[in-house]
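Read through the structure below, which is laid out as structure tokens, and then see the notes.
Just so we're clear, the structure is a prediction, and the values are computed from it rather than from any experiment. Labels below follow one simple rule: chain letters A, B, ... track the order of the sequence lines, proteins then strands, and each chain is numbered from 1.
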Amino acid sequence: MRLGLCCIFREEPIKFRRTTAAYLARQAPADRRQYLADIAGANAAALKAALVYCRENGIGAFRINSQILPLKTHPAVGYDITDLPGHADIRAGFEACGRFSRRHDIRTSFHPDQFIVLSSPNPDVVRRSIADLAYQAEVAEWVNADVINIHAGGAYGDKAAALRRLEVVVERLPPAIRSRLTLENDDRTYTPRDLLPLCEQIGIPLVYDVHHHRCRPDGLSVADVTARAAATWDREPLFHLSSPLEGWKGAKPARHHDYIDPADLPVEWLNLELTVDVEAKAKELAVKALRAYLDAGR
DNA sequence: AGCGGTCAAGTTGAT
DNA sequence: ATCAACTTGACCGCT
């Protein structure tokens, strides 16, 4: 089982830079481009450092923050990579990450945030979402990321209709997005039971988040969803795991704990060829702790 | 140098 | 009707 680290580090001094639209808007255009170029270059270097850390610590996957090129598609201060001074070097930095990822078999992925909604009845929301996915797909090409994982979005009072809209949009996506796109069950709206039929029908892999499934049960067992979700993948499946902050009987079980309680790791996942992204607030420490637990148990 | 308010976006559900 | 929760810090203006 390959364990994955999500986006950031708790103790290791590897940081990704960001900025704000308000700040950028105040800068003269040339200053703005240079500032963004500095951030992009720094983030390429940070990604390389993250991948090296993963390799040296037995971490087999890394999720890349969707702000790796901050505000890339912002309506007022968005930019093309070729607008940035030194853009060839910036791109080369990301491509070096891609070669490292291939050579050392560190799987990388993207998880666009909640604003990316392909099922929205608002065409402008969908259009802007696709623009953001296109940016992440471009970086994914550079860095050898095989997954861009999103949620199914809102229900708008009619889940079936929303999923039909989603299907239409997905089928029209450009190949760089479509070939990487995956769907994940969430903890309030779309369960595995809702998503599996669509995933099976049009060939979108399901990222099975067992914590969300436990927060929002749908009558399917962990064993059933594990098998059906794994079958939606034409490559190594990617699943998500976390533990509840205050236990399963706490007020808000959806909130994530610092670490993974090994009891939350489904026994059905053991001995599968699988990537498990560890969604735990102690980040690399939690991944290493779970790794140690698994290695000790063999 | 350190502190704290603020940060693009959508949707749901708790208050 | 409003607002926190999603991810969670990092940034930037101010002292």
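Here A:His111 lies out of heavy-atom contact (under 4.0 Å) with every strand. At the heavy-atom level, A:Tyr190 lies nowhere under 4.0 Å from the strands shown. Residue A:Ala155 is classed as a sugar-phosphate contact, given heavy-atom separations below 4.0 Å to backbone atoms only. Among the atoms of the strands shown, base atoms are found under 4.0 Å from some heavy atom of A:Asp132.
C:dT7: no Watson-Crick or G-U partner with both key distances under 3.5 Å is found in any strand. In this structure, C:dT15 forms a base pair with B:dA1, meeting either the Watson-Crick or the G-U wobble geometry with both donor-acceptor distances under 3.5 Å. In a base pair of the Watson-Crick type (N1 to N3 plus N6-O4 or O6-N4) or a G-U wobble (N1-O2 and O6-N3), with each distance short of 3.5 Å, B:dT15 is matched with C:dA1.
OP1 or OP2 of C:dC12 sits under 4.0 Å from a side-chain N or O of A:Thr19. Regarding contacts with the backbone of C:dT7, every side-chain N or O of A:Lys281 stays at 4.0 angstrom or more from both OP1 and OP2. Under 4.0 angstrom from either OP1 or OP2 of C:dG13 there lies at least one side-chain N or O belonging to A:Arg26. Taking side-chain N and O atoms only, A:Ser120 has a distance below 4.0 Å to OP1 or OP2 of B:dT11. Of the side-chain N and O atoms in A:Tyr23, none sit less than 4.0 angstrom from OP1 or OP2 of C:dA10.
Distance noted for atom P between C:dT7 and B:dG5: 24 Å (whole Å). For the P atoms, the distance linking C:dA1 with B:dA9 amounts to 22 Å, nearest Å. Atom name P, nucleotides C:dT8 and B:dC3: the rounded distance is 24 Å, in whole Å. For the P atom pair drawn from C:dG13 and B:dA8, the interatomic distance equals 13 Å after rounding to whole Å.
In this structure, the CG atom of A:Asp187 is 17 Å from the P atom of B:dT11, given to the nearest Å. Nucleotide C:dT8 holds its P atom 11 Å from the CG atom of A:Asn65, rounded to whole Å. Following rounding to the nearest Å, A:Asp124 (CG) and B:dA9 (P) show an atom-to-atom distance of 14 Å. One atom, CG of A:Leu36, and another, P of C:dC12, lie 10 Å apart when rounded to the nearest Å. Atom-to-atom, CZ of A:Arg127 to P of B:dA9 comes out at 15 Å; the value is rounded to the nearest Å. Nucleotide C:dG9 holds its C1' atom 14 Å from the CD atom of A:Glu284, rounded to whole Å. Between A:Arg32 atom CZ and C:dC12 atom P the separation is 13 Å, expressed in whole Å. For the pair A:Gln136 CD and C:dT7 C1', the interatomic distance rounds to 13 Å; values are reported in whole Å.
The side chain of A:Arg17 lies closest to C:dC11, out of C:dA5, B:dA8, C:dC11. Listed nucleotides B:dT12, B:dA8, B:dG10 differ in distance to A:Thr189; the shortest reach to its side chain belongs to B:dT12. Side-chain proximity of A:Arg188 to the nucleotides B:dG10, C:dC12, B:dT12 is greatest for B:dT12. The side chain of A:Pro121 approaches B:dT11 more closely than any other nucleotide in the set B:dT11, C:dT8, C:dA10. Checked against C:dC6, C:dT8, C:dC12, the side chain of A:Gln114 finds its nearest nucleotide in C:dC6. For A:Arg128, the listed nucleotide lying nearest its side chain is B:dG10; candidates were B:dG10, B:dA8, C:dT8. Side-chain atoms of A:His256 lie closest to C:dT7 of the nucleotides B:dA8, C:dT7, C:dC11.
Residues A:Thr191 and A:Asn185 have side chains that never bring a donor and an acceptor to within less than 3.5 angstrom of each other. Donor-acceptor pairing under 3.5 Å is recorded for the side chains of A:Asp224 and A:Ser221. Side-chain polar atoms of A:His240 and A:Glu184 form a donor-acceptor pair below 3.5 angstrom.
Aromatic rings of A:Tyr35 and A:Tyr23 (six-membered ring for Trp) have centroids within the 6.0 Å cut-off, being under it.
Taking the nucleotide of DNA chain C with the nearest heavy atom to each of A:Leu24 and A:Arg63, the more 5' of the two is matched to A:Arg63.
Figure legend: cation-pi geometry between A:Arg165 and A:Tyr156, with NZ or CZ positioned under 6.0 Å from the six-membered ring centre and within 45° of its axis.
Stacking is found between A:Phe115 and the pyrimidine-like six-membered ring of the B:dA9 base under the 5.5 Å centre-distance and 30° plane-angle cut-offs.
Judged by distance alone, with hydrogens and angles left aside, the side-chain atoms of A:Tyr293 form no donor-acceptor pair with the main-chain N or O of A:Lys288 at under 3.5 Å. Side chain of A:His257 to backbone of A:Tyr259: a donor-acceptor contact under 3.5 angstrom is found.
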